[in-house]
Visitor: 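Can you keep this structure in mind? I'll have questions shortly.
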Amino acid sequence: MKVSNKQINKAGDTIRNGNDAEKEQAIELLNQWRYNHMLPLRNIRSIVDNRLKKLGIECIVGQRLKRMISIIGKITRFPEMSVSKMQDVGGIRIIVPKISDVKKVHEALIKKSKHEIIVPPKDYIETPKPDGYRSIHQVFKYKNEQNEDINNMRIEIQIRTKLQHAWATSVETLGVIDKVSYKSGLGEEENRKFFKLASALFSIKENCHVLDEYKQCTKDELIQMMRDADQTQQILAKLKGLSALKPALNLKNSGDIYFVLYLAADEQKDFSIKVIPFDDEEEAVLHYDALEKKNRNSTGKSVVLVRSKNLKELKKAYPNYFLDTQYFVRTIEDMIK
């Protein structure tokens, strides 16, 4: 179903200012608009896979649709934003081994693209976000003039190193267990400071620019501040105390699979994850839609639709849904011991 920019921007205004009944109707329209991203996402993912194969770099690749709760949260946090220009509803994540691979992958993806490249890319490696986030975000505007329903839809590709990925997903993992979105600037300031210091140390390790707040600090000063921050906040101990979730799942498929991930916590903060695989995209979307609607107003529960080659690669692309922060913790401990 075609959803015009005017309709989707009006739906955003309704989310911000409408009554409950109007908001429900707006969410249904947002949902349809979100699912219209599936075909562009699938086709651009195919291009990504082909280009990466030619490069010969060992990458982890995942894709996901933005969760409705995240879409609504972004609409309310940015009251001046035109929803039709939201760039990350359909997202592809590429994790590469080292910093030099980021540029190689980015250049390969934008070379002779038949889809419009939004320039400049957001280079958060060259200029880290104030919270310490680092990655390159490249948005493509999908071109298909034969299908106006999907023409000009935006798809965002994130390219990051394994170290940058460990940082970003550990921020999300702590957010899951504390029930607060640290990546949105919420939560305890001292916890956010811990991750800013971690980002600065990781930047030095990768010989990259450090976020502005700490760019005048020496490595030794940052290490001492990190020791002090962890002694106060005990974040490493909290993350180490998590048991990485290991769902029992046997997959025989060799091709890419859609997964619906359902992460839930009980009153004792014991977490469990259910991983539901689908060969068929439409079946996956229907199941995801039903589960998301059922849990929209539930606390401690999270549902996401992703695509990956297999369970092993899925866990590497989205370790936060499995509460797996082992690589992040080991790296920080090695730095501050």
Visitor: Answer yes or no: is there a side-chain heavy-atom contact under 4.5 Å between Ile117 and Gln138?
Guide: yes
Visitor: Ignoring hydrogens and angles, tell me if any N or O in the side chain of Ser113 forms a donor-acceptor pair with the backbone of His115 under 3.5 Å.
Guide: yes
Visitor: Is the shortest side-chain heavy-atom distance between Trp33 and Val89 below 4.5 Å?
Guide: yes
Visitor: Between atom CD1 of Ile27 and atom CD1 of Ile72, what is the distance when rounded to the nearest 0.5 Å?
Guide: 4.0 Å
Visitor: Distance-only, no hydrogens or angles: does the Asp101 side chain make a donor-acceptor pair with backbone N or O of Lys98 under 3.5 Å?
Guide: yes
Visitor: Once the angle between the rings of Phe195 and Trp167 is folded into 0 to 90°, is it parallel (under 30°), tilted (30 to 60°) or perpendicular (over 60°)?
Guide: perpendicular
Visitor: Can you name the nearest heavy-atom pair linking Glu313 to Lys309, along with the distance?
Guide: OE2-CD, 3.8 Å
Visitor: Going through the checks in order, is the salt bridge (Lys or Arg N to Asp or Glu O under 4.0 Å) test met by Glu28 and Lys293?
Guide: CA-CA 10 Å; Glu28 287 301 315; Lys293 285 177 180 176; 3.6 Å; yes
Visitor: Could you check whether any side-chain N or O of Glu190 sits under 3.5 Å from a backbone N or O of Thr232, counting only pairs where one atom can act as donor and the other as acceptor?
Guide: no
Visitor: Work out which heavy atom in Pro128 is nearest to a heavy atom in Arg134; give both atom names and the distance.
Guide: CB-CG, 3.9 Å
Visitor: Determine, stepwise, if the pair Asp49 / Lys53 fulfils salt bridge (Lys or Arg N to Asp or Glu O under 4.0 Å).
Guide: CA-CA 6 Å; Asp49 288 343; Lys53 187 176 181 180; over 6 Å; no
Visitor: Got a donor-acceptor contact below 3.5 angstrom from the Arg16 side chain to the Ile75 backbone?
Guide: yes
Visitor: For the salt bridge (Lys or Arg N to Asp or Glu O under 4.0 Å) test, which of Lys129, Lys193, Lys196, Arg192 pairs with Glu213?
Guide: Lys196
Visitor: For Ala317, does its backbone N or O pair with a side-chain atom of His165 as donor and acceptor, under 3.5 Å?
Guide: yes
Visitor: Among side-chain atoms of Asn9 and Ser82, is any donor-acceptor pair under 3.5 angstrom?
Guide: no
Visitor: Heavy atoms only: give me the nearest Arg51-Ala108 pair and the separation to one decimal.
Guide: NH1-O, 2.8 Å
Visitor: Do the non-hydrogen side-chain atoms of Ile332 and Phe202 ever get within less than 4.5 Å of each other?
Guide: yes
Visitor: Can you tell me how far the OH atom of Tyr214 sits from the OG atom of Ser203, to the nearest 0.5 Å?
Guide: 12.5 Å
Visitor: Taking Asp230 for its side chain and Met226 for its backbone only, find out whether a donor-acceptor pair lies under 3.5 Å.
Guide: no
Visitor: Side chains of Asp228 and Gln224: any donor to acceptor distance under 3.5 Å?
Guide: yes
Visitor: Roughly how far, to the nearest 0.5 Å, is NZ of Lys316 from OH of Tyr327?
Guide: 12.0 Å
Visitor: Under the side chain to side chain contact (heavy atoms under 4.5 Å, CB included) rule, what do Arg64 and Phe259 come out as? Steps first, then yes or no, please.
Guide: CA-CA 10 Å; Arg64 64 97 183 99; Phe259 295 92; over 6 Å; no
Visitor: Taking the side chain from Arg34 and the backbone from Lys66, do they hold a donor-acceptor pair closer than 3.5 Å?
Guide: yes
Visitor: I'd like to check Met81 versus Lys85 (side-chain heavy atoms, cut-off strictly below 4.5 Å). Are they in contact?
Guide: no
Visitor: Give me the atom names and distance for the closest heavy-atom approach of Ala284 to Val260.
Guide: O-CG2, 3.8 Å
Visitor: Does Ser272 offer a backbone N or O that forms a donor-acceptor pair with the side chain of Asp270 under 3.5 Å?
Guide: no
Visitor: Strictly by modelled atom types, are Glu145 and Asn151 linked by a side-chain donor-acceptor pair under 3.5 Å?
Guide: no
Visitor: Kindly say whether His137 contributes a backbone atom to a donor-acceptor pair with the side chain of Arg160 at under 3.5 angstrom?
Guide: no
Visitor: Taking the six-membered ring of Tyr262 (Phe, Tyr or Trp), confirm whether the NZ or CZ of Lys274 is under 6.0 Å from its centre and within 45° of its axis.
Guide: no
Visitor: Looking only at atom types and distance, does a side-chain atom of Asn19 sit under 3.5 Å from a main-chain N or O of Glu22, one as donor and one as acceptor?
Guide: yes
Visitor: Which pair of heavy atoms, one from Leu263 and one from Val176, lies closest together, and at what distance?
Guide: CD2-CG1, 3.7 Å
Visitor: Would you say the side-chain atoms of Thr161 and Glu206 include a donor-acceptor pair closer than 3.5 Å?
Guide: yes
Visitor: Quick one: are Asn191 and Asp178 in side-chain contact, heavy atoms under 4.5 Å?
Guide: yes
Visitor: Show the nearest heavy-atom pair for residues Val303 and Arg67, with the distance to one decimal.
Guide: O-CD, 2.9 Å
Visitor: Can you tell me how far apart NZ (Lys240) and CD (Gln234) are? Round to the nearest 0.5 Å.
Guide: 10.5 Å
Visitor: Does a side-chain heavy-atom distance below 4.5 Å link His209 with Glu126?
Guide: yes
Visitor: So Leu65 and Tyr35, side chain to side chain contact (heavy atoms under 4.5 Å, CB included) or not? Walk me through it.
Guide: CA-CA 8 Å; Leu65 275 184; Tyr35 289 132; 3.6 Å; yes
